[in-house]
Amino acid sequence: MKNFLYFIHSHLFLFSAWLILLFSIISFITQKLFSRAKLIDINHVMLFINDKSSIIIDVRSKKDFLKGFIPNSINIPLKKIYSYNLDKLNSFKTKNIIFVADDNIFLQDCIDIFYKNNFKKLFILKHGLKKWNVKKLPLICRK
């Protein structure tokens, strides 16, 4: 025990970096285990779109949505998700629901709302529209 405390005292920066890394790994693993939505890549999204077994919900702002969106997607901005009437989407409860955003960090609340309303097949487009644009896949633009 003395050696351990001596190591910590002598190598405080190294020990702090190790603790941060350990916390990050544990956080990542628990997030993956308890997440109600699965991250999927563009190939999976394309498969879902082609077999018509999904609906795409774009949670970006209306302004960003109109600049370019995936064909047949629905815009429900994150700011309005709490007041949105999910009963309008009841016919999609058996379908795969793919969430699209610029940044997936803020999607957890949205996913929780859908999950509590008995939407169970929830997915998130990995890297959002950034990756979609890099692959030069089609977008619809409206002004």
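- Every residue meeting the side chain to side chain contact (heavy atoms under 4.5 Å, CB included) condition with Asn43, not counting sequence neighbours, appears here in chain and number order: Asp41.
- Looking at every heavy atom in both residues, Gly68 comes nearest to Arg60 through O-NH2, 2.6 Å.
- In this structure, CE on Met46 lies 9.0 Å from CD1 on Ile70, to the nearest 0.5 angstrom.
- Residues Leu14 and Phe7 approach most closely at CD2-CZ, 3.8 Å, considering heavy atoms.
- In terms of modelled atom types and a separation under 3.5 Å, the side chain of Trp132 and the main chain of Pro138 share a donor-acceptor contact.
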Exercise for review: Determine, step by step, whether Phe114 and Ile57 satisfy the side-chain contact (heavy atoms from CB on, under 4.5 Å) criterion, reporting the C-alpha distance in whole Å, the side-chain angles of both residues, the deciding distance to 0.1 Å, and the verdict.
Suggested key: CA-CA 11 Å; Phe114 274 79; Ile57 297 178; 3.6 Å; yes
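- Within the 4.5 Å cutoff, no side-chain heavy atoms of Ile56 are placed close to those of Leu125.
- Cluster membership check: Ile49 does not share its hydrophobic cluster with Leu47, using side-chain heavy-atom separations under 4.5 Å among Ile, Leu, Val, Met, Phe, Trp and Tyr.
- Considering only residues two or more places apart in sequence or on other chains, Asp64 meets the side chain to side chain donor-acceptor pair (under 3.5 Å) condition with Ser61.
- Interatomic distance, CG of Asn133 versus CG of Leu139, reported as 5.0 Å (0.5 Å rounding).
- A distance of 9.5 Å separates SG of Cys110 from CD1 of Ile97, quoted to the nearest 0.5 Å.
- Both Ile26 and Trp18 belong to a single network of hydrophobic side chains, linked directly or stepwise wherever heavy atoms of I, L, V, M, F, W or Y lie under 4.5 Å apart.
- When all heavy atoms are compared, the tightest approach of Ile42 to Lys131 is CD1-CG, 3.4 Å.
- For residues 51-81, the pairs satisfying ring-ring contact (aromatic ring centres under 6.0 Å, His included) are Phe65-Phe69, with sequence neighbours left out.
- When each of Phe123, Phe92, Phe48 is paired with Ser54, the side-chain contact (heavy atoms from CB on, under 4.5 Å) condition holds for Phe48 and for no other.
- Scanning for side chain to side chain donor-acceptor pair (under 3.5 Å) contacts around Asn72 gives an empty result, with sequence neighbours left out.
- Sorted by first and then second residue, the salt bridge (charged side-chain N to carboxylate O under 4.0 Å, His left out) pairs with a member in residues 111-125 read Arg36-Asp112; sequence neighbours excluded.
- Counting only distance, with no hydrogens or angles, the side chain of Lys62 and the backbone of Asn75 share no donor-acceptor pair below 3.5 Å.
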Check your understanding: Are Ile76 and Leu89 close enough, and set up right, to give a side-chain contact (heavy atoms from CB on, under 4.5 Å), and what steps lead you there?
Key -> CA-CA 11 Å; Ile76 307 174; Leu89 301 175; 3.9 Å; yes
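- For Leu19, the side chain to side chain contact (heavy atoms under 4.5 Å, CB included) partners are Phe15, not counting sequence neighbours.
- Under the 4.5 Å side-chain contact rule for hydrophobic residues, Leu39 and Leu107 share a cluster.
- Applying the 6.0 Å contact sphere to NZ of Lys93 captures more than 12 heavy atoms from other residues, nucleotides or ligands.
- Closest of all the heavy-atom pairs between Pro71 and Ile140 is CA-CD1, 3.7 Å.
- Atoms NE2 and CG, from His44 and Asn96 in turn, are 10.5 Å apart once rounded to the nearest 0.5 Å.
- One distance of note links CG of Asn90 with CG of Asn117; it measures 8.0 Å at 0.5 Å rounding.
- Annotation: the span from Ser24 atom OG to Leu22 atom CG amounts to 8.5 Å, rounded to 0.5 Å.
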